[in-house]
Amino acid sequence: MNSRPNSFRSGPDERGHFGMFGGRFVAETLMPLILDLEKAYAEAKADPAFQREMNGYLKDYVGRPSPLYFAERLTEHLGGAKVYLKREELNHTGSHKVNNVLGQIMVARRMGKKRIIAETGAGQHGVATATLCARFGLDCVVYMGAVDVARQEPNVIRMEMLGATVVPVQSGTRTLKDAMNEALRDWVTNVHDTFYCIGTVAGPHPYPMMVRDFQSVIGHETRTQMMEAEGRLPDSLIACIGGGSNAMGLFHPFLDDSSVEIFGVEAAGHGLDKLHAASLTGGRPGVLHGNRTYLLMNDDGQIQDAHSISAGLDYPGIGPEHSWLHETGRVTYLSATDEEALAAFQLLSRLEGIIPALESAHAIARVIELAPARASDHLMVVNLSGRGDKDVPQVGDILKGRKTT
Amino acid sequence: MTTRIDTRFAELQAQGRSAFVTFLMAGDPDPATSLAIIKALPQAGADVIEIGMPFTDPMADGPAIQAAGLRALKAGMTLVKTLDLVRAFRKDDDTTPIVLMGYYNPIYIHGVDRFLTEARQAGVDGLIIVDLPPEEDDELCLPAMRAGLNFIRLATPTTDDRRLPAVLANTSGFVYYVSITGITGAAAANATQVGDAVARIKRHTALPVCVGFGIRTPDAARDIARAANGAVVGTALVDALAKSLDSEGRATTGTVKAVADLAASLAQGVRGAARAAE
């Protein structure tokens, strides 16, 4: 599978395939709408007025560009590579999720859809969706696993304050995958007026491509900002991966720059030999939620429970383009355990005065290992995809011994 | 090539009546009870038997069929055991068509070619795979046709005239019209709208059209059977099964009878319909 394509940035093909991954594995009821969406998105992408309007909201509503910040004390502490943080946690709503939601809501408006549904794990995508629905006066229903509703309560309250209806999902494992199942069931039922705003680079074509395009603003800005700061490209990029949208947004503009090393960090949960959420490391290719990709499953093809301390990474799959980048070898996929993420969460808080989301702390955890092994002129960019406010109650309880991971 | 499905619909056509199609989940609530139920269905009046292949993440199913799948998985059901179930059924019945219905991943993991060979040997006649639209025909539909199995496609209210030819192109056996936009067990179908939709599909195909989703009672089954070549009942049968279980979700002495009795009364409804729409 290691045949090297001419470009890593040309996918997907017209059927939504990245190599063998991706595709459109959905019920017939949804197919006509998915084809309409593909067309509407292609038209929007080619429309300068759409780009202009989106750039206006990205600047004045989201607060872009997000800074590329030299983490001086973290760099000193680690004693190796020069570590920069791409500050996506400073965006309105506190994570990278808003970049994608803004784009999709603008497409939904072009399509005349009045009702928006979304799935959410940590609640960051749900909050971003609720926020933009409030801004544009659209009905919003967010599906969230009942387990996640309990462990990410601040975000549930935020979504409700923004006028969204949060539906706790009681089926299956009551986490992100079940929230996605339930959102798909809603969509099949209300397909005539409803737009499904998927929060990551997964789902049926064109979602993985569309979400990647909207998130690529992260990588494009990083490129410009690093040229301004250092006069050259970064040497390495690191981001955490659940479905993988923040990572894809950072990576994609650099995929054809062969000098740039790229690392994705999956959630190793209690450990790769125990319960975890590392689909590439511990899974194999299968078909779920509209696409073929690496999945955690048993020998009968039944999807297995994922586990991560971080609700946003607690998903047994990964975006299909990541599966392809894994098999082609362009991106190196690592993992970090709950314990390592907790340690990184505390380290960044103490050294830089930045409390990261538990999701982003997984990326920091690998920076702690990778940076010291590199020279002091090595430029390393880590995507700080979200802020940790939502995790403060949960981490506080764990640190005081009131809860386990 | 003629399958048991083709033969059965030709017989029904000659008799001037529509098909009663049942759906139950393989291995629900346990493999032995499931086999006893499926064996009882032809006697109760089922003309075609659909058997669900349990899957952890049934995206197009409502709570009743989700729960049925989880009961089956908990009882140790697998794709291999589902094929065993069909094989056991075939020992006594070589004419009632069996259609396996479910999601693609377990088949993909088992291996498409291996699955098709084993399914055909076990006595399976057709497949309905919810998450394989015509855009993914290379995956399973075309290999299934080559292996001599019918690939039965779902058409829905959102499948418009522009799209119907693509949906029907590689469909065989019959067309399954999903009468509502929604998941299994949700809203009831309106017989007039269903009649219009069936007529629309028949302008594009000579295949029989069966209608499912939302049919719960003998009267509704009769109305749909008048409008189509077959009425599919799933959730109502699964509900009857679920109600017969004990508090631990295990089969009781009344389980097989509860399902067979409801199937018999639904079959009466279908047989009470006038000659089906041509």
Side-chain angles (χ1 to χ4, degrees), chain A residues 14-17 20 22-36 38 169-173 177-178 180-194 203-205 283-293 295-305 316-317, chain B residues 53-63 66-67 69-70 73 76-82 102-111 115 128-136 138-140 153-160 162-164 166-167 176-178 180-184 186-187 213:
Chain A
E14 70 284 354
R15 295 171 67 198
H17 292 159
M20 69 177 281
R24 287 176 289 211
F25 296 88
V26 294
E28 171 59 25
T29 312
L30 297 176
M31 232 12 254
L33 184 69
I34 281 174
L35 296 172
D36 283 352
E38 189 182 343
V169 175
Q170 301 290 353
S171 61
T173 54
K177 90 173 165 75
D178 308 288
M180 199 151 181
N181 289 335
E182 213 56 39
L184 283 163
R185 289 176 188 128
D186 179 313
W187 201 23
V188 166
T189 307
N190 301 297
V191 63
H192 58 286
D193 68 346
T194 297
H205 178 65
R284 57 186 159 142
V287 174
L288 181 72
H289 292 155
N291 58 172
R292 174 165 24 231
T293 193
L295 298 168
L296 300 179
M297 63 179 120
N298 70 14
D299 290 340
D300 189 41
Q302 306 296 337
I303 307 305
Q304 283 179 326
D305 295 0
Chain B
M53 297 177 280
F55 184 49
T56 38
D57 293 78
M59 281 95 70
D61 285 302
Q66 289 175 41
L70 293 180
L73 290 172
M77 208 60 192
T78 61
L79 187 59
V80 169
K81 289 182 183 172
T82 299
Y103 297 81
Y104 183 41
N105 197 55
I107 295 172
Y108 179 68
I109 294 307
H110 192 74
F115 169 77
I128 303 176
I129 307 300
V130 179
D131 52 354
L132 285 177
E135 281 73 6
E136 302 292 350
D138 296 344
E139 296 284 338
L140 182 65
R153 195 94 65 185
L154 304 175
T156 74
T158 60
T159 314
D160 59 18
R162 198 165 39 109
R163 185 166 168 78
L164 257 176
V167 169
Y176 186 143
Y177 179 64
V178 175
I180 51 159
T181 58
I183 52 178
T184 51
F213 282 40

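These values consider heavy atoms only, across backbone and side chains, with no hydrogens, waters or symmetry-generated copies.
At a 4.5 Å heavy-atom cutoff, A/L33 makes no contact with chain B through either its backbone or its side chain. For B/M53, no part lies under 4.5 angstrom from a heavy atom of chain A. The contact between B/P58 and chain A is made by backbone and side chain atoms together, counting heavy-atom distances below 4.5 Å. Neither the backbone nor the side chain of B/V178 comes within contact range of chain A; no heavy atoms are under 4.5 Å apart. Only the backbone of A/D299 comes within less than 4.5 Å of a heavy atom of chain B; no side-chain atom from C-beta onward does.
Annotation: maximal heavy-atom pairing with chain B below 4.5 Å, among A/H289, A/E182, A/Q304, occurs at A/H289. The choice from A/R284, A/R292, A/H192 that makes the most heavy-atom pairs within less than 4.5 Å of chain B is A/R292. The residue among A/R24, A/M31, A/E28, A/M297 with the most heavy atom pairs within less than 4.5 Å of chain B is A/E28. Annotation: maximal heavy-atom pairing with chain A below 4.5 Å, among B/L73, B/I129, B/D160, occurs at B/L73.
Here the OG1-CG distance, from B/T56 to A/D300, works out to 9.0 Å after rounding to the nearest 0.5 Å.
Side-chain atoms of A/R15 do not come within 3.5 Å of backbone N or O of B/E136 as any donor-acceptor pair. Remark: side-chain polar atoms of B/D131 are not paired, donor with acceptor, to backbone N or O of A/L288 under 3.5 angstrom.
B/T158 pairs in a side-chain contact (heavy atoms from CB on, under 4.5 Å) with only one of the listed residues (A/V188, A/L30, A/T29), which is A/T29.
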- Query: Between A/H205 and B/E135, does a side-chain contact (heavy atoms from CB on, under 4.5 Å) hold up when you go through it step by step?
  - Reply: CA-CA 11 Å; A/H205 178 65; B/E135 281 73 6; over 6 Å; no
Passes side-chain contact (heavy atoms from CB on, under 4.5 Å), A/I303 versus B/F55? Steps please.
-> CA-CA 8 Å; A/I303 307 305; B/F55 184 49; 3.9 Å; yes
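Residues A/G286 and B/N105 share a closest heavy-atom pair of CA-OD1, 3.2 Å. The two atoms that bring B/P133 and A/F25 nearest to each other are CD-CA, 4.3 Å, heavy atoms only.
B/Q66 is not listed as a side-chain neighbour of A/N181, based on a closest heavy-atom distance of 4.5 Å or more. Proximity of A/K177 to B/D57: side-chain heavy atoms (C-beta onward) are separated by under 4.5 Å at one or more points. When side chains are defined from C-beta on, A/M180 does not count as touching B/M59, because their heavy atoms never get closer than 4.5 Å.
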